[in-house]
Amino acid sequence: MAHQWRGVIREYAERLPVTEATKVITLGEGGTPLVHAQQLSALTGSDVYLKVEGMNPTGSFKDRGMTMAMTAAVAAGAKAVVCASTGNTSASAAAYATAAGLKCVVLVPEGKISMGKLSQAIAHGATLLQVNGNFDDCLDIARKLGESYPVFLVNSVNPARIEGQKTGAFEVVDWLGDAPDFHVLPVGNAGNITAYWKGYKEYCAPFESATAGTLPAVSTRTPVMWGFQAAGAAPFVAGHPITEPDTIATAIRIGNPASWDTAIAARDESGGVIEAVTDEEILSAHRWLSAREGVFVEPGSAAGVAGLIKKHAAGEVPAGKTIVITVTGHGLKDPQWALRTEDGSEVQPVKVSNDVVTVAMALGLEEK
Ligand SMILES: *Cc1c(COP(=O)(O)O)cnc(C)c1O
C-alpha cells in the first residue's frame with residue numbers, strides 16, 4: 001500500500017523533541033514537492049529545484065513550525081496562544097489552534113498584510129488585533145504578553161518552531177539523496193534560515209535521538225546557505241536593525257530579526273551570504289516563476305529566486321551544481337501582483353462576444 005504522508009512530527013519523530021505519549025497537533029504539513037525548475041536550470045547550467053512550501057495546509061512553510069509549537073502548547077496545558085505576524089504565521093497559528101481546540105490571538109501590523117492571509121486568520125476564528133506599528137512592534141508586544149499573561153507564544157523565537165521547520169532540510173536530502181551544493185531562501189525574521197541550517201547539520205552527523213538511540217548520518221555534506229532580504233528591509237546587509245523597513249514583499253518586511261545570531265552563524269559556518277534584492281527584482285522573479293516554471297508564489301517567496309538570478313548575472317553562480325531554493329508561500333495569498341503588467345498597469349481580460357468565429361479571430365486563428 002502506498003505510504004500516506006503523516007505530517008512532519010510523525011514522519012521525523014525520532015529527530016524531534018516528542019515521545020510516543022505526545023499528543024500531536026497536525027494538519028498533514030510537510031511532504032511538499034521538490035520541483036525541478038527547468039528554466040532556472042537552463043539559465044544557470046546547474047540543477048535548480050524549488051521546494052514549494054505553498055503546498056502546506058495553510059499555504060506557507062510556517063505550518064512545519066506550527067505543528068510543533070501547537071503540540072508544545074497543548075503539552076504545556078496552554079488555553080490560548082499568541083503570535084505576531086506579517087500574515088502567514090497568523091494564518092498558520094489560527095488553523096493549528098483550531099485543530100488543537102485553543103484560543104488564538106494574532107497581532108498584525110496595520111495596513112501591510114495581504115487579504116488572503118487576513119481572511120485565513122479570521123476564517124479560523126482567531127482574535128485579530130491590528131497594531132498601530134510594524135511587525136517588530138507586534139513581536140515585542142507578543143513576547144511581553146507571553147511573559148506576563150497566560151498565553152503561549154508561537155512565534156519562531158519559540159524553539160519548537162525551529163525544530164519543526166528544520167524538517168524542510170530533511171525532506172530535501174531524503175529526496176535528492178544528499179544535501180544540495182547551495183540552499184537559497186528569503187530571509188525575514190530569520191527563523192527559516194536558522195532552521196534549515198540546523199536540519200542540514202543534524203542530517204550530516206550522527207544524531208543522539210531522545211527516543212531511538214544514535215542515528216547514523218544521512219548526508220555526506222551540508223550546503224552553502226544563500227539568504228536574500230528585500231533591499232528596503234535588509235538589516236543583515238546593513239549590519240544593524242532597520243527602524244522603518246519597507247518593501248512590497250510583506251512576508252519579509254522585518255527590520256529587527258529575532259533569530260539574528262543563528263542566521264549569521266548559518267551564513268558564516270556554511271560559507272554563504274545574506275544579500276539584498278530590490279522590489280523590482282523580486283517582482284521580476286515572481287513573474288519568472290509563474291510564467292516560466294508554472295509555480296505561483298507570493299512576492300516575498302520569490303526573493304530567493306531573485307537572488308539567484310541576480311548572482312547569475314554577476315557571474316557568481318557556478319554551473320554543474322545542485323541548487324535548492326525554498327519558495328516559501330503560495331501565490332494565492334497575495335494574488336493582486338499577478339494582475340499587473342511590468343509597467344504597473346492592470347491586466348484586463350479581452351472581452352469577446354458569445355460566438356466561436358469571434359473567439360477564433362481574437363486568437364488569430366481566423367482572418368478578420
Ligand atoms: C515568514 C515568511 C518568510 C520569512 O521567513 P523567516 O523565517 O521570517 O526568515 C518568507 N516568506 C514567507 C512567505 C513567509 O511567510
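Start at 1 and go down the list; that is how both ligands and their atoms are numbered. Here the structure is a predicted model, which is why all the values come from computation and not from measurement. Basis for what follows: all heavy atoms, side chains included, without hydrogens, waters or symmetry-related copies.
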Looking only at heavy atoms, is any part of Ile252 under 4.0 Å from ligand 1, and if so is it the side chain, the backbone, or both, or is it neither? side chain

With nothing but distance in play, are any N or O atoms of Phe61 less than 3.5 Å from an N or O of ligand 1? no

Determine whether a donor-acceptor pair (N or O, by modelled atom type, separation under 3.5 Å) exists between the side chain of Ser41 and the backbone of Val48. yes

Lys/Arg N to Asp/Glu carboxylate O, Glu275 vs Lys311, below 4.0 Å: yes

Does an N or O anywhere in Asn88 fall below 3.5 Å from an N or O of ligand 1? yes

Looking at Gly329, which atoms of ligand 1 are within less than 4.0 Å of one of its heavy atoms? 13 (C)

What is the ring orientation for Phe182 with Trp226, classed by angle as parallel under 30°, tilted 30 to 60°, or perpendicular over 60°? tilted

Would you mind checking if Lys117 and Asp334 are paired as a salt bridge, meaning a charged N to carboxylate O distance below 4.0 Å? no

Could you tell me whether Pro186 and ligand 1 have an N or O pair separated by under 3.5 Å? no

At less than 4.0 angstrom from any non-hydrogen atom of Gly191, what atoms of ligand 1 do you find? 6 (P), 7 (O), 9 (O)

Taking non-hydrogen atoms only, is Glu298 closer than 4.0 angstrom to ligand 1 via side chain, backbone, both or neither? side chain

Does the ring center of Tyr49 lie less than 6.0 Å from the ring center of Trp175? no

Determine whether any heavy atom of Ser156 lies closer than 4.0 Å to an atom of ligand 1. no

Per-atom contacts of ligand 1 with Ser301, taking only distances under 4.0 Å to non-hydrogen atoms: 13 (C)

Is it true that Lys51 and Glu171 have a side-chain N and a carboxylate O under 4.0 angstrom from each other? yes

Ligand-side contact atoms (ligand 1) for residue partner Lys62, heavy atom cut-off under 4.0 Å: 1 (C), 2 (C), 3 (C), 14 (C), 15 (O)

Chi angles and distances behind the salt bridge (charged side-chain N to carboxylate O under 4.0 Å, His left out) call for Lys201, Glu269: CA-CA 10 Å; Lys201 280 197 301 184; Glu269 289 171 22; 3.0 Å; yes

Looking at Arg64 and Glu29, is any side-chain nitrogen of the basic one under 4.0 Å from a carboxylate oxygen of the acidic one? no

Interfacing atoms of ligand 1 (cut-off 4.0 Å, heavy-atom, Asn189): 6 (P), 8 (O), 9 (O)

Going by the order shown, which atoms of ligand 1 are within less than 4.0 Å of some heavy atom of Val187? 9 (O)

So is there a nitrogen or oxygen of Thr328 less than 3.5 Å from a nitrogen or oxygen in ligand 1? yes

Heavy-atom nearest neighbour in the protein, as seen from atom 7 (O) of ligand 1, with distance rounded to 0.1 Å: Asn192 N, 2.8 Å

Have a look at ligand 1 and work out which part of Gln165, if any, has a heavy atom under 4.0 Å from it: side chain, backbone, both or neither. neither

Check Lys198 with Glu202, please: is the shortest side-chain N to carboxylate O separation under 4.0 Å? yes

Tell me which one of Ile25, Val154, Val81 satisfies side-chain contact (heavy atoms from CB on, under 4.5 Å) with Leu102. Val81

